[in-house]
Participant: 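Got a structure for you, questions after.
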Amino acid sequence: MTGPRDIPVEDFRRAGTRVIDWITRYLSRPEEYPVLARVAPNEVRNALPASAPRSGESMDAILDDFEKIVVPGITHWNHPCFFAYFSITGSAPGILGELLSAALNVNGMLWQTSPSATELEEVAVGWLRRLLGLPEELEGVIMDTASVSTLCAIAAARHALSDLEIREQGLAGRPELPRLCLYTSDQAHSSVEKAAITLGLGTASVRKIATDDEFRMDVGELRKAISADKAAGHRPFCVVATVGTTSTTSIDPVPAIAEVCRREDLWLHVDAAYAGSAAAVPEHRAVLAGCGEADSTVVNPHKWLFTPIDCSVLYVREPDILTAAFSLVPEYLRTGVDDEIRNYMDWGVSLGRRFRALKLWMVLRAFGSDGIAERLREHIRLAQNLATRIDEHPDFERLAPTPLSVVCFRACPSALNAHEADATLNRFNEMLLEQLNASGEVYLSHTNLAGRYALRLAIGNLRTTERHVARAWELIQEVSDALVKEAAAR
Ligand SMILES: *Cc1c(COP(=O)(O)O)cnc(C)c1O
């Protein structure tokens with residue numbers, strides 16, 4: 001072989017074997033690493049040269065540096081004591097799917113540019129829809145993230161206001177347009193507001209509806225806000241409900257919200273990025289109650305369905321509205337079969353599309369619906385047990401209900417003599433979190449709930465077992481006790 005080409009296939013095989021061996025070892029012992037990376041800012045960058053090498057280097061040299069420089073700067077989402085944000089797993093079948101998809105390197109923009117990419121996507125989103133008990137008439141598309149799925153859903157909702165001709169005329173320089181109002185709860189994910197920014201609606205168009213004492217959207221307040229906006233001459237157009245909020249995994253009353261949307265003729269989008277997966281567990285299927293009536297729903301298999309990031313599925317009731325909002329087909333992208341097939345480039349912003357369906361299909365097949373239900377059920381059981389331990393302990397309290405696998409709580413040691421909403425407790429819990437995470441043994445995150453600093457422990461990794469949650473709970477008590485002693489000594 002002569003001329004500039006890819007590295008020799010024999011080198012690929014050797015390096016590939018080394019990579020698979022490394023991954024195999026890593027996945028069997030992620031606990032060898034501190035869960036939270038211990039590098040200082042810029043440490044990784046400074047360990048690497050400013051320019052790429054003139055002449056190519058061997059895969060062995062590159063993989064050596066991967067192990068020596070890159071891995072120490074990794075926060076280990078695979079660690080069984082990763083309890084921060086939403087704990088996730090890119091399972092082995094998903095990793096293999098990613099590998100094959102990188103090898104095929106197809107761009108699934110058109111059906112013709114790889115029929116299997118499009119048709120496997122249709123199959124995989126159909127399997128997922130049935131797994132979650134969503135109605136057959138919903139059509140799905142895979143996007144990178146829930147943020148982009150929600151952006152596209154809100155763009156479709158805006159396009160459904162056909163009299164305003166926003167696709168053609170835009171929003172700027174049109175004083176005759178009313179303000180377009182978007183409703184979501186004060187617990188909604190920031191992606192809703194970001195979508196409003198991106199779509200030219202502005203943050204002032206986002207109405208953050210108050211939540212009840214369990215952090216669920218107050219439907220009475222929603223109705224009031226819609227009436228007030230209509231009375232002021234504004235134009236309500238979309239409600240984004242959340243199934244599994246980011247702070248506490250609270251579940252908005254979607255059936256009641258759907259009823260409001262039906263009466264007011266508003267688009268209903270449901271953000272079920274994390275909690276949607278719970279519907280795969282028969283006894284938790286009700287988490288998606290009402291979503292069958294929504295115009296669009298997003299579920300992230302990369303969150304709690306063992307699929308490597310990125311993989312987000314957007315379901316829509318009327319794909320024609322979504323494609324009408326986005327489809328723009330230049331001559332060079334026309335094919336002879338456009339009437340018979342689906343070109344997923346028409347379903348969103350990007351033209352180029354990774355073959356994400358492959359990993360999702362592999363994960364769903366490798367675990368099966370029973371296997372998925374069993375794994376999610378175990379995560380929920382572990383979280384419920386921890387919630388009980390916290391409730392039973394006089395020096396700790398839960399700060400939100402625990403419907404699924406995320407527990408929000410704080411230490412409230414009686415020895416501190418702190419009052420309910422005391423800043424002392426907030427500072428104490430902030431220190432507690434900092435010390436827990438510095439241990440390298442566990443990684444938790446936090447949130448703010450009605451002015452209270454809450455620790456947040458999320459269970460969602462396939463390697464997390466009873467022992468890991470027990471160790472975390474033990475450590476939380478130990479560190480809290482030590483902090484109390486320190487405070488008393490001062
Ligand atoms: C994680 C999450 C998101 C954002 O998901 P990305 O895929 O990272 O964009 C949005 N909404 C909710 C409720 C989430 O939990």
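Counting starts at 1 for both ligands and their atoms, following the listed order. Quick caveat, the model's predicted, so the values are computed rather than measured.
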Participant: Under 4.0 Å from a heavy atom of F86: which atoms of ligand 1 are those, numbered in the order shown and with their elements?
Facilitator: 15 (O)

Participant: Of the backbone atoms (N, CA, C, O) and the side-chain heavy atoms from C-beta on, which set of N300 has a member under 4.0 Å from an atom of ligand 1: side chain, backbone, both, or neither?
Facilitator: side chain

Participant: Does one side chain, of S250 or R216, offer a donor that lies under 3.5 Å from an acceptor on the other?
Facilitator: no

Participant: Students should be able to answer this: which protein heavy-atom is nearest to atom 6 (P) of ligand 1, and at what distance?
Facilitator: A146 N, 3.5 Å

Participant: I'd like to check which ligand 1 atoms, numbered from 1 as shown, lie under 4.0 Å from a non-hydrogen atom of T246.
Facilitator: 12 (C), 13 (C), 14 (C), 15 (O)

Participant: Using 30° and 60° as the class limits, which term best fits the ring planes of Y443 and F82: parallel, tilted or perpendicular?
Facilitator: perpendicular

Participant: Among protein heavy atoms, which sits nearest to atom 12 (C) of ligand 1, and what does the distance come to when rounded to 0.1 Å?
Facilitator: D271 OD2, 3.4 Å

Participant: Considering G244, S190, S147, C311 one by one, which has a heavy atom nearer to atom 9 (O) of ligand 1 than any of the others?
Facilitator: S147

Participant: Taking only heavy atoms of H302 into account, list the atoms of ligand 1 that are under 4.0 Å away from them.
Facilitator: 7 (O)

Participant: Do NZ/NE/NH1/NH2 and the carboxylate oxygens of E259 and R262 come within less than 4.0 Å?
Facilitator: yes

Participant: Around Y33, counting heavy atoms of other residues, nucleotides and ligands shown, do more than 12 lie under 6.0 Å from its OH?
Facilitator: yes

Participant: What atoms in ligand 1 come closer than 4.0 Å to a heavy atom of K303?
Facilitator: 1 (C), 2 (C), 3 (C), 4 (C), 5 (O), 14 (C), 15 (O)

Participant: Which class fits the ring pair W22 and F66: parallel under 30°, tilted 30 to 60°, perpendicular over 60°?
Facilitator: perpendicular

Participant: What is the ring orientation for W473 with H393, classed by angle as parallel under 30°, tilted 30 to 60°, or perpendicular over 60°?
Facilitator: perpendicular

